[in-house]
Amino acid sequence: MVGPSLWVSTAEEAERLRLFIGSVTDYAIYMLSPEGHVVSWNAGAQRFKGYTADEIIGQHFSRFYTAEDQYTRLPWRALRIAEETGKFEAEGWRVRKDGTHFWASVVIDPIRDATGRLLGFAKITRDITDRKLMQDALRQSEERFRLLVQGVTDYAIYMLSPSGEITNWNEGGRRIKGYEQDEVVGSHFSRFYTEEDQAAGKPATALAQAREHGRFEAEGWRMRKDGSRFWAHVIIDAIRDDAGELVGFAKITRDITERRNTEAALASAREALFQSQKLEAIGKLTGGVAHDFNNLLSVVGNGVALLRERLKEPADLRVLDSVDQATRRGAALTQQLLSFARQQPLRSEPRDLNRLITHFEPVLRRGSRSAVQFDLRLQPGVPLAMLDGTQFETALLNLVVNARDATPDGGQIVVGTGTVDLGPSEVGQLPPGRYASVCVQDTGTGMSAEVIERAVEPFFTTKEVGKGTGLGLSQVYGLTQQSGGDLKIVSEPGRGTTITMYFPGLAEDTVEAQDTEGAEKVLLVDDQPDVLEMAAELFRTLGFEVLVARSGTEAFEVLQRTPDLRLLVTDVVMPGMTGIQLGQRARQIRPDLKIILVSGYPKPALQDSGDLHGFEFLSKPYRIADLVKKLRALA
């Protein structure tokens with residue numbers, strides 16, 4: 001039996017609990033019958049549900065639920081779960097008296113007596129609408145951010161774990177690098193670096209700097225899935241939680257290859273303009289000096305001529321000869337200076353570069369040395385170019401001599417021609433179009449970038465004192481500029497040099513018209529240079545276009561690349577391939593070729609050298625009348 005004092009104490013405790021619950025305003029705390037009817041109501045319930053105790057006690061608590069939840073029998077299921085499991089807890093929309101909705105956190109506990117009989121339910125509801133709205137706003141913000149990141153295509157934006165593994169991937173990453181999300185997520189981001197950068201430890205360095213300083217920014221080559229490279233601008237930011245612990249990295253990569261190429265092209269154009277302006281200024285100065293020097297040389301030369309008429313002593317005449325020789329050398333130098341300054345008068349006309357080079361080949365070979373292999377690689381169909389043939393030959397010889405000097409221990413010199421279609425600013429400031437190119441390539445010592453930059457300046461030379469004037473490349477540069485073309489030098493120390501002259505190509509109809517004109521070609525072959533030169537001059541007097549060769553082998557090569565050649569005049573006795581052997585080989589590939597054998601030996605004495613049948617014969621020495629007679633017999 002409970003004593004009076006204990007009963008009072010328990011009753012007081014119950015009253016205090018009732019008063020406490022009734023005064024709570026942040027929570028709706030009320031009791032439900034086993035069937036779900038409201039049997040008590042507190043101030044908190046009235047505050048955010050809107051009902052007074054008189055209005056709601058005795059009503060079923062399902063009225064606080066939305067129509068959808070009532071339709072799905074959620075209120076009754078909640079009571080059953082609480083009864084069976086001892087608790088029901090959930091969040092969801094609830095309805096106030098005025099019909100508005102609020103987001104509620106709900107806990108329902110079953111109330112049982114000492115025997116376990118269900119007396120009802122205690123229900124605690126809290127209005128967490130503000131928190132719900134904040135969470136929804138945060139979730140929406142995160143979703144918008146995710147969609148934004150995923151929708152960006154110009155940037156690869158993705159996250160890395162603290163150790164550098166890729167944890168997500170966006171559309172920009174797929175477009176720029178070529179990987180799908182399932183191909184890269186979980187792999188290490190170093191896969192995008194070049195092998196050189198991986199070997200140098202650059203991926204680890206990037207993460208270390210981002211970890212230490214909070215940010216890493218750099219540019220460099222990166223790899224796509226297909227193995228191609230692109231120039232990337234990269235930012236890596238360290239991501240930390242509220243406690244300052246590193247949770248990963250945010251990485252942003254942008255493909256700036258096009259911008260880099262544009263900047264490089266702009267820098268190249270600026271450098272080319274600077275070089276052009278510098279050479280233009282030097283050219284003006286050089287041209288003025290050369291003109292004045294020419295005037296002085298004219299006075300000296302005329303003075304020498306007058307003194308030669310007055311002086312008779314041999315010693316005096318020898319002095320005049322020395323002065324006259326020096327004057328001529330000075331005049332030659334001034335012509336080269338004027339050529340660089342583009343003030344040298346040119347006799348420009350449409351010229352076939354292959355034909356010019358073939359005609360000039362013997363001189364070019366003499367310009368090289370026996371220890372150097374000299375080759376011609378003339379591409380057929382090279383367009384005609386407007387230029388001065390004599391000045392072009394001088395320029396080509398200058399390039400061959402320079403190549404010879406750059407190959408002191410032997411090597412190879414190649415003179416080649418070609419047809420080139422240039423784009424904008426591909427070579428200097430030349431406009432786009434078709435150009436005839438002539439290059440001289442050697443396997444010699446090469447040039448540094450600093451030497452290349454100054455190579456065409458007058459009097460600049462890397463040769464020893466007395467080995468050159470420093471005007472060879474200046475003359476070549478001046479000729480190309482004055483002919484509307486340009487010059488390009490490609491070289492590396494120890495890897496040889498290639499110097500290419502570019503001349504604007506003429507239209508094809510001009511080429512066809514030019515090819516149908518011109519003198520008949522003759523190929524003269526003799527191993528004696530003086531005899532060869534005199535014979536060449538004789539044939540030029542007769543109106544022939546003359547090609548020359550110093551051996552049978554060299555002559556056969558010229559014959560193979562000159563399809564319009566109709567006449568071969570060759571010495572018989574030559575080392576290696578004789579003239580008869582040359583004639584026989586020539587007939588095999590050109591049955592219609594007219595061939596004249598020339599020798600200082602009488603014809604019968606040459607029978608042992610080979611079969612002379614089918615060849616015309618001309619004895620040395622021959623006069624021009626003998627040559628004309630023999631040519632008439634072949635006509």
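Heads up: numbering here begins at 1 and tracks the sequence. Everything numeric here is computed off the predicted structure, so don't read it as measured data.
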So which atom in [X] and which in [Y] form the shortest heavy-atom distance, rounded to 0.1 Å?
X: Leu422; Y: Tyr435; value: CD1-CD1, 3.6 Å
X: Thr497; Y: Gly446; value: OG1-CA, 3.5 Å
X: Phe615; Y: Gln584; value: CZ-N, 3.9 Å
X: Met574; Y: Met577; value: CE-O, 3.7 Å
X: Pro350; Y: Leu384; value: CB-CD1, 4.1 Å
X: Leu582; Y: Ala555; value: CD2-CB, 3.8 Å

task = Go through Asp527 and Arg550 one step at a time and tell me if the side-chain contact (heavy atoms from CB on, under 4.5 Å) criterion holds.
result = CA-CA 5 Å; Asp527 61 329; Arg550 293 185 295 175; 5.7 Å; no

Any side-chain to backbone donor/acceptor pair from [X] onto [Y]? Under 3.5 Å, distance only.
X: Thr562; Y: Val558; result: yes
X: Gln379; Y: Thr419; result: yes
X: Thr445; Y: Gly494; result: no
X: Arg585; Y: Thr553; result: no
X: Arg566; Y: Lys521; result: no
X: Thr257; Y: Trp231; result: yes

Between [atom1] on residue [X] and [atom2] on residue [Y], distance to nearest 0.5 Å:
X: Leu387; Y: Glu349; atom1: CG; atom2: CD; result: 8.5 Å
X: Leu523; Y: Phe556; atom1: CG; atom2: CZ; result: 11.5 Å
X: Leu567; Y: Glu520; atom1: CG; atom2: CD; result: 6.0 Å
X: Ile580; Y: Ile595; atom1: CD1; atom2: CD1; result: 11.0 Å
X: Asp571; Y: Asp526; atom1: CG; atom2: CG; result: 4.0 Å
X: Thr358; Y: Leu353; atom1: OG1; atom2: CG; result: 10.5 Å

Mind checking whether [X] and [Y] have side chains closer than 4.5 Å, heavy atoms only?
X: Met447; Y: Pro493; result: no
X: Ile176; Y: Arg222; result: no
X: Arg224; Y: Asp255; result: yes
X: Leu396; Y: Met501; result: yes

request  = Establish, for the pair Arg351 and Phe392, whether the NZ or CZ atom is under 6.0 angstrom from the six-membered ring centre and no further than 45 degrees off its axis.
outcome  = no

inquiry  = Pair Glu219, Arg260 - check salt bridge (charged side-chain N to carboxylate O under 4.0 Å, His left out), show working.
reply    = CA-CA 10 Å; Glu219 292 183 6; Arg260 182 176 186 268; over 6 Å; no

message = Consider side-chain hydrogen bond (donor to acceptor under 3.5 Å, both in side chains). Of Thr407, Asp375, Thr443, Asp442, which one does Gln412 pass it with?
response = Asp375

Check against salt bridge (charged side-chain N to carboxylate O under 4.0 Å, His left out), Arg434 and Asp421 = CA-CA 4 Å; Arg434 175 156 292 189; Asp421 292 312; 3.0 Å; yes

inquiry  = What verdict does the side-chain contact (heavy atoms from CB on, under 4.5 Å) test give for Arg590 and Leu565, after you've listed the backbone C-alpha separation in whole Å, the side-chain angles of each residue and the deciding distance to 0.1 Å?
reply    = CA-CA 9 Å; Arg590 301 282 293 281; Leu565 185 68; 4.1 Å; yes

ask   = For Leu568, which of Leu597, Leu547, Leu593, Val522 qualifies under side chain to side chain contact (heavy atoms under 4.5 Å, CB included)?
value = Leu593

message = Using the side chain to side chain contact (heavy atoms under 4.5 Å, CB included) definition, which of the options Val382, Asp564, Leu378 pairs with Arg355?
response = Asp564

ask   = Above 12 or not: heavy atoms from other molecules or residues under 6.0 Å from CD of Glu196?
value = yes

